[in-house]
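Whatever order the structure lists them in is the order used to number ligands and atoms, beginning at 1.
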Amino acid sequence: NEKLVIDRATKYYETGTGRVHALDNVSIAIRDHEFVSLVGPSGCGKTTLLWSMAGLHDLTSGEIRLDGTPIHGPHPDIGMVFQDANLLPWRNIQRNLAFPFEISGKSANEDRILQLMERVGLGGFGNKMPRELSGGMQQRASIVRALSFDPSVLLMDEPFGALDAFTRDEMNLLVEEIWMETRKMIVFITHSIPEAVFLSDKVHVLSARPGRLARTFTIPFPRPRP
Ligand code: ADP
Ligand code: ADP
């Protein structure tokens, strides 16, 4: 029942001034339906690891497997929410949400998108342009976009780090509800240990230079509240 396996992930970036060793031999196995957080100081390789899980770049060595199959390139069963919502500024919300379907040559599941929009509190906002929405509302749209193919894995790269504290808490509650309703696997990056403990079944702590798995906490249920 280990659905997503990070097997000895090592990553170097080649830069003009030499090699940056971002990840060193990180191994983590994640079960279906599990909510895990990746925490650690800036530069410990959290984003590098998540991007590799999304197939957005390859590892230098090691492998990431979903249901036993190595991941290379974007995968329809993996959705991702980035730090910034990354909405196309010239398209309204509805046409932003149709975009992944267009580029993959599929017809958009309009009913599902509308249902997801209602669920995350975006009902009636389809005709708004991204710049007309607050940061929190833009992230709601990017959550809908990530869920629109109904992936079994949802990756979230510090999705609410730029939001004010109240909105961040609100969004974390929304993520917890989505997780409980859909039982998707969620891999969540945050700088905040209380946030990680609040949300997760397991908290994986990375240490920096190069990024290594320092330790893993299993959070009991019901979870302690910060
Ligand atoms: P985190 O998300 O934990 O802050 P990152 O994965 O962004 O860590 O970065 C890990 C290390 O790799 C850092 O030292 C960072 O400077 C470096 N790094 C990240 N992306 C690149 C890149 N595209 N080119 C060169 N170095 C990079
Ligand atoms: P349309 O609204 O005509 O369907 P798309 O959103 O599919 O256009 O964009 C087609 C391409 O044109 C995009 O990949 C993008 O690079 C470019 N593009 C369209 N509008 C703009 C814009 N306002 N600024 C920058 N690039 C744009």
Side-chain angles (χ1 to χ4, degrees), residues 4-30 34-66 70-75 78-87 135-136 138-139 142-143 145-146 151 153-165 167-168 171-172 175 179 185-219 226:
L4 187 62
V5 175
I6 300 160
D7 186 8
R8 289 164 290 171
T10 294
K11 175 74 176 179
Y12 293 98
Y13 290 103
E14 303 289 347
T15 72
T17 51
R19 299 210 300 192
V20 178
H21 197 170
L23 287 176
D24 184 45
N25 211 31
V26 173
S27 293
I28 298 172
I30 309 173
E34 204 167 36
F35 196 131
V36 305
S37 290
L38 304 175
V39 302
S42 290
C44 70
K46 302 182 292 296
T47 295
T48 299
L49 189 54
L50 210 70
W51 278 57
S52 307
M53 293 161 85
L56 298 176
H57 59 206
D58 279 328
L59 295 168
T60 307
S61 69
E63 198 169 69
I64 297 178
R65 295 186 291 274
L66 180 67
I71 293 174
H72 300 286
H75 194 292
I78 298 178
M80 178 121 164
V81 176
F82 298 87
Q83 226 161 338
D84 302 304
N86 291 330
L87 299 169
Q138 290 188 27
Q139 277 304 38
S142 98
I143 290 171
R145 185 180 55 196
V153 177
L154 181 61
L155 307 177
M156 306 188 84
D157 186 0
E158 225 197 347
F160 313 130
L163 305 177
D164 67 83
T167 307
R168 189 161 62 230
M171 296 300 289
N172 283 336
V175 168
W179 176 71
M185 178 198 297
I186 297 185
V187 184
F188 191 90
I189 290 183
T190 173
H191 271 110
S192 162
I193 290 173
E195 203 169 274
V197 168
F198 174 79
L199 287 168
S200 315
D201 297 316
K202 278 192 191 142
V203 180
H204 297 288
V205 184
L206 302 184
S207 58
R209 275 176 265 286
R212 291 201 176 106
L213 183 61
R215 60 176 302 182
T216 295
F217 295 91
T218 300
I219 310 301

Residue, atom name and distance, where the atom is the protein heavy atom closest to [atom]:
atom                    : result
atom 4 (O) of ligand 1  : Gly43 N, 2.7 Å
atom 7 (O) of ligand 1  : Thr47 CB, 3.8 Å
atom 16 (O) of ligand 1 : Val20 CG1, 4.7 Å
atom 12 (O) of ligand 1 : Ala22 CB, 3.4 Å
atom 9 (O) of ligand 1  : Thr48 OG1, 3.9 Å

Given side chains that start at C-beta, do those of Phe160 and Val175 come closer than 4.5 Å, heavy atoms only?
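Phe160 vs Val175: side chains touch.
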Is any side-chain heavy atom of Lys11 less than 4.5 Å from a side-chain heavy atom of Trp51?
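Sidechains of Trp51 and Lys11: no contact.
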Gap separating the NZ atom of Lys46 from the CG atom of Leu23, nearest 0.5 angstrom:
11.0 Å
Under 4.0 Å between a side-chain nitrogen and a carboxylate oxygen: does that hold for Arg168 and Glu195?
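Glu195 and Arg168: salt-bridged.
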Checking heavy-atom distances from atom 3 (O) of ligand 1 to each of Lys46, His21, Gln83, the winner is Lys46
Among Trp51, Tyr12, Tyr13, which residue places a heavy atom closest to atom 25 (C) of ligand 1?
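Nearest heavy atom to atom 25 (C) of ligand 1 lies in Tyr13.
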Does either side chain, that of Ser37 or that of His204, offer a donor lying less than 3.5 Å from an acceptor on the other one?
no
Within 6.0 angstrom of Leu56 CG, more than 12 heavy atoms from elsewhere:
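Count over threshold, so yes.
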